[in-house]
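Here's the structure we're looking at; comments come further down.
Predicted, not measured: the structure shown is a model, and the values here were computed from it. Ligands are counted one by one from 1 in listed order, and the atoms in each one are counted from 1 as well.
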Amino acid sequence: MKIILLGAPGSGKGTVADQICAEFNIPHISTGVIFRDNIEKGTEIGKLAKQLIDNGSLMPDNITIALVKDRLLQTDCKNGYVLDGFPRTLEQAKALSKLTQIDAVIYINVPKQDILNRIENRMICTKCKKNFDKIIYKKSVCDQCGGKLEKRADDNLVAIEQRYDIYTKESQPLIKYYQKQMFEVAGSKTREETYKLVREFLKKRKC
Ligand code: ADP
Ligand code: ZN
């Protein structure tokens with residue numbers, strides 16, 4: 001089962017992706033995680049990513065597409081995957097359509113104000129990259145691996161506004177592009193309620 005998750009930054013794509021991957025046993029491919037790994041490792045891509053991502057800009061399509069193309073060729077992808085954060089532009093969507101056929105597209109729709117609040121409160125595990133909401137989760141270490149939690153460098157209000165604007169301009173056209181095969185879920189509910197709807201949809205599709 002090959003799944004795309006669409007939604008604004010902070011809509012909960014990463015959380016839903018983790019839930020799907022745990023249940024259906026397929027890898028979670030997040031371009032954001034791949035770029036942040038490159039930043040940590042200080043690669044050439046990481047150096048560029050550091051500049052662009054911290055101020056809320058997108059990475060260039062050619063680099064992003066090449067990275068995803070490579071990743072999808074790895075053996076763990078043979079039974080499917082969840083793409084989180086890719087495609088983010090029409091050009092990326094068109095490139096993806098040449099690489100493979102996607103089975104399901106899920107759009108997590110969340111109002112802008114909820115998004116801004118969530119990103120402000122988002123903490124991320126430095127080890128396993130799991131996300132937490134500091135209003136709900138009060139500890140400073142990850143419940144999954146014990147890693148330290150910290151705020152992402154691009155989760156500041158200026159970068160968030162910039163990311164949201166870019167999302168509206170670059171990524172919202174994807175909602176129209178995938179309309180015919182898209183399942184839309186209101187993502188303002190709890191993570192359990194949101195996932196319940198996603199799960200029912202995926203089970204019904206039996207893919
Ligand atoms: P969020 O969903 O909160 O925006 P991500 O972890 O998905 O966070 O992405 C973080 C940043 O990485 C984005 O703001 C962007 O700069 C870069 N990025 C991630 N995916 C892509 C992509 N498909 N194309 C271009 N840039 C990307
Ligand atoms: Zn962790």
Side-chain angles (χ1 to χ4, degrees), residues 4-18 22 28-40 43 45-72 81-96 99 106-110 112 114-133 137 139-174 177 187:
I4 294 176
L5 291 180
L6 296 180
S11 58
K13 296 191 296 292
T15 303
V16 170
D18 281 337
H28 176 181
I29 300 176
S30 158
T31 38
V33 168
I34 295 175
F35 290 135
R36 283 188 292 279
D37 273 354
N38 274 275
I39 294 177
E40 254 172 53
T43 65
I45 288 176
K47 284 176 199 155
L48 177 65
K50 175 85 189 131
Q51 293 170 19
L52 294 176
I53 292 181
D54 286 359
N55 74 38
S57 305
L58 290 185
M59 286 290 282
D61 280 333
N62 60 342
I63 295 180
T64 309
I65 291 165
L67 273 175
V68 171
K69 197 172 168 182
D70 257 18
R71 181 65 188 88
L72 298 187
Y81 38 78
V82 178
L83 281 172
D84 160 16
F86 184 93
R88 240 180 170 94
T89 64
L90 273 180
E91 191 164 331
Q92 293 178 12
K94 286 176 188 157
L96 179 65
L99 294 178
I106 298 167
Y107 167 43
I108 309 173
N109 193 354
V110 182
K112 182 177 177 187
D114 290 9
I115 296 220
L116 300 186
N117 294 341
R118 276 190 198 176
I119 298 186
E120 260 295 280
N121 296 326
R122 174 157 73 181
M123 301 295 281
I124 183 165
C125 171
T126 47
K127 260 199 202 154
C128 76
K129 317 300 176 199
K130 184 173 172 184
N131 286 346
F132 296 87
D133 184 322
Y137 186 81
K139 295 183 200 146
S140 60
V141 291
C142 174
D143 64 357
Q144 188 164 281
C145 77
K148 193 168 155 269
L149 304 189
E150 61 181 32
K151 209 164 154 67
R152 264 168 52 177
D154 60 341
D155 280 351
N156 63 74
L157 270 181
V158 178
I160 295 167
E161 284 284 355
Q162 158 89 342
R163 276 151 67 201
Y164 199 87
D165 286 351
I166 293 180
Y167 167 74
T168 307
K169 189 159 150 268
E170 302 286 348
S171 306
Q172 261 182 351
L174 295 176
Y177 180 86

Do Tyr107 and Leu174 come within less than 4.5 Å of each other through their side chains, counting heavy atoms only? no
Result of checking Arg118, Arg122, Arg36 against Asp155 for salt bridge (charged side-chain N to carboxylate O under 4.0 Å, His left out): Arg122
Taking all atoms of both residues into account, what is the closest heavy-atom pair of Met59 and Leu52, and its distance? SD-CD1, 3.8 Å
Short side-chain to backbone donor-acceptor contact, Thr31 and Gly85, under 3.5 Å: yes
Shell of residues surrounding ligand 1, defined by a 4.0 angstrom heavy-atom cut-off that is strict: Pro9, Gly10, Lys13, Thr31, Gly32, Phe35, Arg36, Ile53, Ser57, Leu58, Met59, Thr64, Gly85, Phe86, Arg88, Gln92, Arg122, Arg152, Asp154, Arg163
Might you work through the side-chain contact (heavy atoms from CB on, under 4.5 Å) test for Glu161 and Leu116, ending with a clear yes or no? CA-CA 8 Å; Glu161 284 284 355; Leu116 300 186; 3.8 Å; yes
Verify, without hydrogens or angle tests, whether Lys129 (side chain) and Thr126 (backbone) share a donor-acceptor contact under 3.5 angstrom. yes
Here the side chain to side chain donor-acceptor pair (under 3.5 Å) pairs for residues 53-63, sequence neighbours left out, are Lys50-Asp54, Asn55-Ser57, Asp61-Thr89, Asp61-Gln92
Listing residue and atom name, which protein N/O/S atoms are closer to the Zn ion (ligand 2) than 2.8 Å? Cys125 SG, Cys128 SG, Cys142 SG, Cys145 SG
Report, one line per pair, each donor and acceptor closer than 3.5 Å where one atom sits in a side chain of residues 164-172; sequence neighbours left out.
unit_1	atom_1	unit_2	atom_2	d
Thr168	OG1	Tyr164	O	2.9
Ser171	OG	Arg88	O	2.7

Check Ile34 against Asn38 and note the closest heavy-atom contact, atom names and distance. O-ND2, 2.8 Å
